[in-house]
Amino acid sequence: MTGLVPMTGLVFWAELGIKMAVAAAAVPAIGMVIGYAEMKLSAHMQSRVGPYFAGGRYGWAQLIADGVKFIQKEDIIPAEADRPVFKWAPALVMLGTMALLVVIPLHPSRYGMVRDLDVGIFYALAVSSVSTIGVLMAGWSSANKYSMIGGLRAAGQLIAYELPLVLATVGVVIQAGTMSMQGIVQAQVAQSWPFMLTQFVGLAIFMTAALAELTRLPFDMPIAESELVMGYVTEYSGFRFLFFFLAEFANMFSMSAIAVTLFLGGYGFWGIPTDTLLSPLIVFAKVGILVFIMIWLRWTLPRFREDQLQTLAWKWLIPISIVNIIVTAVLKVVV
Amino acid sequence: MTFSDWLAEPVNWAFLALALPMTVAAVRVVTSRNVVHAALFLVLTLAASAGLFILLSAEFVAWVLVLVYIGAVIVLFLFGIMITRAPIGRETDLSHAGRWPAALASLAVLALTLWLITAVSGQVEGFDGPLPAVGVATDSAILGEGFIMRYLIPFEAVGFILLAALIGGITLARKDLTPAEEEEAERV
Amino acid sequence: MVTASAAAAAPLFLAAGEEHAPELAAGGFFAGGAWIMLVLPFAAFLGIVLFGKRMRKQGAELAVGAMGVNLLWASVLFVQNMLGGIHREVNLTIADIGRLGGVDLSFELGFVVDGLSIMMYWVVAFVGFLVFVYAVGYMEGDVRVPWFFASLSLFAGSMLVLVGAPNLIQLIIGWEGVGLASYLLIGHYWEQKENSDAAVKAFLTNKVADVGLILGAILIGVSLGGFRFSDLSRAAAEHSHALEGVAFAGGLLLFLGAMGKSAQFPLHVWLPDAMAGPTPVSALMHAATMVTAGIYLMARTFPLYQNLAAEARQWMIPIAVITLFVLGFLALTANDLKQVLAYSTVSQLGYMMAAVAAGGYTAGLFHLFTHAFFKALLFLGAGSVIHAVHSNNMSDMGGLRRKMPVTFWTFVVGSLALAGVIPLAGFWSKDEILATLSHEGYTAFMWVAVAGAFVTAFYMTRAVALTFFGTYKGHGHPHESPRMMTGPLVALAVPTVIAGFFNIPGVSWGPIGNFTEWVGARVVTMGDYHPSAIEWDLAAYGLAAALAGIALGWWLFSPEAETQAARDRLEIPVLYPLLRRKYYIDHLYMHGVVNPIKGPLARGVDWVNGHVIDAAVNGVGLLTAWLGRLVYGRLDQQGIDLVLNAAAGGAGGAGGRLRLLQSGKVQQYAGGFVVGALVLVAVLVIVT
Amino acid sequence: MILTQFLVLGAVLFSLGIYGLLSRRNAVTVLLAVELMLAAVNINLVAFEAFWNTPAAHGQIFAIFVITIAAAEVGIGLAIILLVFRNRASGNVDELDLLKW
């Protein structure tokens with residue numbers, strides 16, 4: 001049994017601090033890699049070349065250049081904006097993102113993740129909901145109709161898809177018999193096949209809900225350019241915009257990583273021992289597949305209508321995930 | 001235990017680091033001139049209380065608090081505020097003239113409660129001693145068993161209340177359409 | 001707490017008078033997974049309810065598919081059981097009921113796979129599958145098709161749960177499920193009042209019987225310490241002391257339950273009315289599900305009746321014989337084709353019940369087995385006719401044999417089988433019943449049964465003649481039904497012809513044995529009577545009666561005679577009205593049960609109201625008036641008014657001030673609440 | 001850590017909640033104050049649980065019950081406020097005095 005409680009001793013705090021710092025530093029790195037992947041992939045899907053010149057070959061330094069550009073830009077705050085709320089909103093979004101990263105298991109040892117909590121998956125779902133507040137704050141404080149409507153849409157959407165997201169994980173929790181992230185991965189390693197095979201309904205619902213939580217296409221109504229300019233990020237510029245920008249990509253990573261942990265067996269892969277340095281690479285490879293699918297979907301599917309979005313969540317995903325839970329529970333007892 | 005003894009314990013610094021901002025935020029919840037700010041200060045208060053729960057080794061409750069309150073209830077609040085009215089800037093009349101009697105009443109409650117705490121503290125054994133349960137996080141399996149074994153009926157009752165609240169909320173908040181609008185909605 | 005005790009029951013045999021108990025295998029994969037058959041129809045039900053409307057065939061695919069899988073599964077089991085007996089029982093303890101009558105009872109679910117249940121699985125799946133296929137064609141373009149198929153799946157599923165039940169509790173669950181589904185299906189066209197009335201009638205009549213079943217289950221469960229059939233059978237076979245006392249009462253109570261479901265006199269009234277549902281429902285209800293449930297219950301608890309509850313059987317046989325003979329007559333005058341078949345079902349159920357009650361376990365079940373085929377065939381044929389002429393009345397039919405050849409020939413085959421003509425299935429099974437009755441010494445009842453065979457043959461000939469011969473009297477141009485409907489007819493005609501050969505007395509078919517051996521795979525051997533060779537004299541009586549009935553029917557309703565004239569010739573003064581009004585049983589229920597509440601009881605209440613209560617009220621009134629005058633004159637005017645006026649003035653003044661407190665402002669109320677709570681707590685603290 | 005510090009904190013929060021409940025005009029802020037009171041109650045419940053240290057963690061279970069009920073309460077409360085706002089174009093509780101005599 002692990003918890004946040006036995007926090008005595010300097011070593012504990014030092015270790016935790018280093019791990020947190022690594023997790024925090026990972027956010028921009030992940031954001032850049034995924035952002036670059038998105039640029040290149042979307043370009044190729046549209047028969048374009050994409051970033052080409054920056055950094056010499058393949059435009060690999062494009063995102064770094066963009067980052068520098070964003071940081072240099074003037075930080076504009078609208079005159080009518082509610083300044084403290086406006087300023088804190090991106091930070092809160094970023095906080096939710098970073099807090100997610102700390103429970104992703106990359107390796108079975110205690111250095112493989114920041115903390116293995118007894119209620120790990122529950123923690124992940126809880127902190128991922130914190131960004132919602134940030135989005136609402138950003139939408140409200142911008143003193144802009146578009147931002148406001150974007151914020152409202154985001155809130156409605158995030159609340160609606162929070163439920164299937166949580167419910168979809170319950171099947172896995174029932175099957176694994178634990179909420180600890182390491183425990184879930186170990187359960188899959190022990191039975192030598194991922195939960196994807198039995199919880200495919202859960203995986204589908206989880207990924208759909210995750211897309212909606214990320215407000216990515218086809219669920220990007222809150223920032224729909226053609227309707228709302230840029231929704232709740234309309235008024236943001238400079239490094240505050242960078243925060244939103246990075247948070248989206250980092251969130252893609254962490255959502256995919258959670259899906260990998262829950263459904264795809266985490267660092268487990270047939271034939272490869274789990275305690276080697278290959279483990280993080282396996283996780284990254286699996287995350288890469290899911291991220292690729294997300295990017296692919298974004299450049300393939302058109303946007304939903306607002307009412308279709310709510311219908312999908314309340315009338316389809318939630319009932320199906322509840323049925324999934326019931327079936328899993330019954331099978332768990334019977335089999 | 002003297003105050004300096006108490007302060008020598010590092011975990012109490014953590015407590016203070018949570019409790020003081022929490023109190024300040026709570027004061028701002030009830031005095032802030034801006035509804036949205038009040039709601040956001042409530043977020044702070046609740047986040048701090050989640051931290052306190054972790055100190056008290058009630059980890060599961062802490063994350064339930066975060067998930068349900070910060071993730072859903074406050075969002076619902078902000079949603080409600082923005083739908084009803086969302087003026088940016090301060091409102092002059094958030095508190096009404098009855099604030100002095102209200103302050104008096106709340107002070108009376110505070111006084112009575114504090115007096116009760118001091119009165120009881122002498123009579124219960126170990127009241128002033130360190131909390132025994134702190135240090136080991138409560139296993140969530142215990143809570144789960146509690147819910148479906150001993151507290152099954154309250155659990156079901158709460159489920160029923162949630163259902164009733166769901167239906168009630170929908171019924172209250174939905175707009176009654178005129179026949180023409182209904183026709184319109186059906187056609188879409 | 002769920003504990004699984006899912007072990008295959010070792011062949012537990014207690015010699016119940018017989019020494020050679022066959023070795024039974026636990027069965028393989030298919031026996032262990034038999035629960036799938038119980039679950040599939042419910043899955044289909046859910047699937048249809050949720051998604052049926054969006055499917056191409058409106059969910060019929062799911063229902064037919066589930067039934068098809070069940071048929072395959074049951075067929076494998078059937079063949080396995082043919083080649084060597086299977087017995088397996090699985091029980092899951094779901095919950096503890098608690099202490100009842102000094103024993104701890106628990107609620108268990110599970111399934112049982114043995115000769116009896118395999119036979120029933122197969123019959124339900126086979127007839128169910130064909131009926132479902134047929135219904136796809138029959139219900140094309142009807143109202144609420146998804147819901148119809150969902151209910152049909154529920155019907156079949158509940159029956160399978162009932163059949164697979166290893167204990168009385170699960171049997172009751174399935175039993176009520178069957179009742180519910182039948183209610184839904186009979187009332188499928190609920191827009192018409194008489195249909196929903198029929199559904200309610202079926203439901204309520206069954207409920208009367210269910211009281212018996214539930215009381216019987218409690219009685220047996222408490223005295224036995226459990227609800228399992230295997231325990232009951234074993235205890236009964238051992239002449240257990242615990243059961244001896246309650247065997248008679250328990251047996252009769254269970255029989256009461258069976259009377260309702262299997263439409264025994266006098267609880268048969270719902271079955272003819274149940275025609276209100278669509279024809280596939282009737283076919284399913286009369287052949288494989290619902291009405292066979294009662295017979296199945298008797299067969300499942302047969303050791304109880306065989307060994308302990310002999311007195312109960314003395315009550316059961318007369319009821320069964322009345323059912324088979326007296327109610328068969330009602331089919332003579334029915335004008336509705338389906339009603340003719342319905343009364344014939346009632347009558348045939350009487351045969352089965354008579355056989356089981358007389359100790360002929362195998363004979364009753366064999367008749368159930370064969371009857372399922374030809375009765376389903378007849379109903380589906382009738383449905384085909386009705387589908388073509390859009391009327392249930394035989395006076396709208398006639399001359400259909402050239403227009404609907406497939407329906408005609410299969411219907412004739414079914415009718416001959418029902419009449420008991422050699423070599424069709426009905427002949428063999430009816431012969432066994434006659435043999436059983438004769439052997440067990442119920443000679444008089446045996447002759448009644450022979451006479452019943454005559455009646456059966458007569459009314460079936462009448463139905464065939466009126467429907468298929470003569471000239472067409474309806475409207476429009478009837479034509480043969482689509483392949484979807486004639487296919488099941490042909491498929492059912494096959495077992496109707498050959499099923500009888502599986503139990504020719506004394507004939508065993510090499511390694512696969514015969515029907516008697518198939519249903520013999522039970523936890524205890526049944527020890528019932530079944531003839532060891534064909535008793536030619538009895539068979540001859542039965543056959544002669546059947547041929548005589550056919551001849552008479554043919555003579556009366558020959559193709560040249562117009563229907564109305566023929567019927568008039570039959571209108572014997574007293575008998576005809578009696579039969580037309582169904583022996584006045586419905587009237588009896590109406591006037592004997594319903595009207596005492598409406599009429600005399602109401603009058604009684606009225607009399608009490610007028611004479612007793614009114615008198616009392618009037619007396620009190622007079623007394624009060626006198627008192628009032630006294631009080632008004634003396635007390636009120638002189639004393640009280642003074643006080644009252646002062647009080648009223650005071651209240652008005654106080655109210656005027658107090659109303660200021662009612663500001664309507666919720667926070668002031670909340671403040672009052674807080675202060676009140678404070679005061680209360682303070683008082684509490686000070687007092688303690 | 002001792003029990004008293006949590007009880008005092010709970011008492012302070014609860015009093016603040018009562019103050020907000022009685023003094024705020026806007027209905028939403030009144031609801032916020034109620035949430036504050038419930039948070040105080042939860043702190044007390046969990047603290048007492050840590051104090052008595054029952055093996056079945058009754059205090060935490062009740063805290064979760066309180067949180068759940070609070071969620072339902074907010075849902076209904078906000079629906080009512082929305083309705084009132086729609087009908088009267090005001091979300092102030094002191095203007096809602098139709099029941100006044």
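Chain identifiers are assigned alphabetically (A, B, ...) following the order of the sequence lines, protein sequences preceding nucleic acid strands; residue numbering begins at 1 within each chain.
- Annotation: maximal heavy-atom pairing with chain B below 4.5 Å, among D/I80, D/L13, D/V74, D/V12, occurs at D/V74.
- At a 4.5 Å heavy-atom cutoff, D/A40 makes no contact with chain B through either its backbone or its side chain.
- Interface residue B/Y151: backbone and side-chain heavy atoms are both found under 4.5 Å from chain D.
- Atoms OG and CD, from B/S140 and D/Q60 in turn, are 10.0 Å apart once rounded to the nearest 0.5 Å.
- B/L172 has its side chain out of reach of D/L82: every pair of non-hydrogen atoms, C-beta onward, lies at least 4.5 Å apart.
- With a 4.5 angstrom heavy-atom cutoff, B/L42 touches chain D only via side-chain atoms.
- Heavy atoms closer than 4.5 Å to chain D are found in both the backbone and the side chain of B/L143.
- Relative orientation of the B/F155 and D/F65 rings is tilted, given thresholds of 30° and 60° on the angle between their planes.
- Comparing D/L83, D/L36, D/L31 by heavy-atom pairs within less than 4.5 Å of chain B, the highest count is held by D/L36.
- With a 4.5 angstrom heavy-atom cutoff, B/Y69 touches chain D only via side-chain atoms.
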B/L56 and D/F6: CA distance, side-chain angles, deciding distance, side-chain contact (heavy atoms from CB on, under 4.5 Å) verdict: CA-CA 10 Å; B/L56 286 169; D/F6 291 98; 3.6 Å; yes
Stepwise side-chain contact (heavy atoms from CB on, under 4.5 Å) test for D/L9 and B/L52: CA-CA 11 Å; D/L9 181 64; B/L52 289 180; 3.3 Å; yes
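- Closest approach of B/L162 to D/A72, counting heavy atoms only: CD2-CB, 3.7 Å.
- For B/A72, no part sits under 4.5 Å from any heavy atom of chain D, backbone or side chain.
- Contacts between B/S106 and chain D at a heavy-atom distance below 4.5 Å involve backbone atoms as well as side-chain atoms.
- Residues D/G20 and B/V30 come closest through the heavy atom pair CA-CG1, 3.5 Å.
- At a 4.5 Å heavy-atom cutoff, D/E73 makes no contact with chain B through either its backbone or its side chain.
- Legend: ring pair (Phe, Tyr, Trp, His ring centres under 6.0 Å) pairs involving residues 23-62 of chain B, not counting sequence neighbours, sorted by first then second residue: A/F122-B/F60.
- Side chains of B/L110 and D/F14 form no contact here, defined as non-hydrogen atoms less than 4.5 Å apart.
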Pair B/V61-D/I67, side-chain contact (heavy atoms from CB on, under 4.5 Å): steps then yes or no: CA-CA 9 Å; B/V61 186; D/I67 291 171; 4.3 Å; yes
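- Your options are B/T171, B/T113, B/V158, B/V73, and the one with the most heavy-atom pairs under 4.5 Å with chain D is B/V158.
- The shortest non-hydrogen separation linking B/L76 to D/G75 is CD2-CA, 4.1 Å.
- For B/L65, the parts sitting under 4.5 Å from any heavy atom of chain D are the backbone and the side chain alike.
- One finds the CG atom of B/L112 at 10.0 Å from the OG atom of D/S15 (value rounded to the nearest 0.5 Å).
- Proximity to chain D is limited to the side chain of B/T45, based on heavy atoms less than 4.5 angstrom apart.
- In this structure, CZ on B/R33 lies 14.0 Å from CG on D/N26, to the nearest 0.5 angstrom.
- Side-chain contact between D/I43 and B/M22 is present, with at least one heavy-atom pair separated by less than 4.5 Å.
- Residues D/Y19 and B/V109 form no side-chain contact, since every pair of their non-hydrogen atoms from C-beta on lies 4.5 Å or further apart.
- Contact count against chain D (heavy-atom pairs under 4.5 Å) is highest for B/A26 among B/A26, B/A164, B/G169.
- Only the side chain of D/L38 comes within contact range of chain B, with at least one heavy atom under 4.5 Å from a heavy atom of that chain.
- Interface remark: B/V27 contributes backbone and side-chain atoms alike to the contact with chain D (heavy atom separation under 4.5 Å).
- Of the listed residues (D/V30, D/V8, D/L21), the greatest number of heavy-atom pairs within a distance under 4.5 Å of chain B belongs to D/V8.
- When D/L16, D/L32, D/L3, D/N42 are compared by the number of non-hydrogen pairs under 4.5 Å with chain B, D/L32 comes out ahead.
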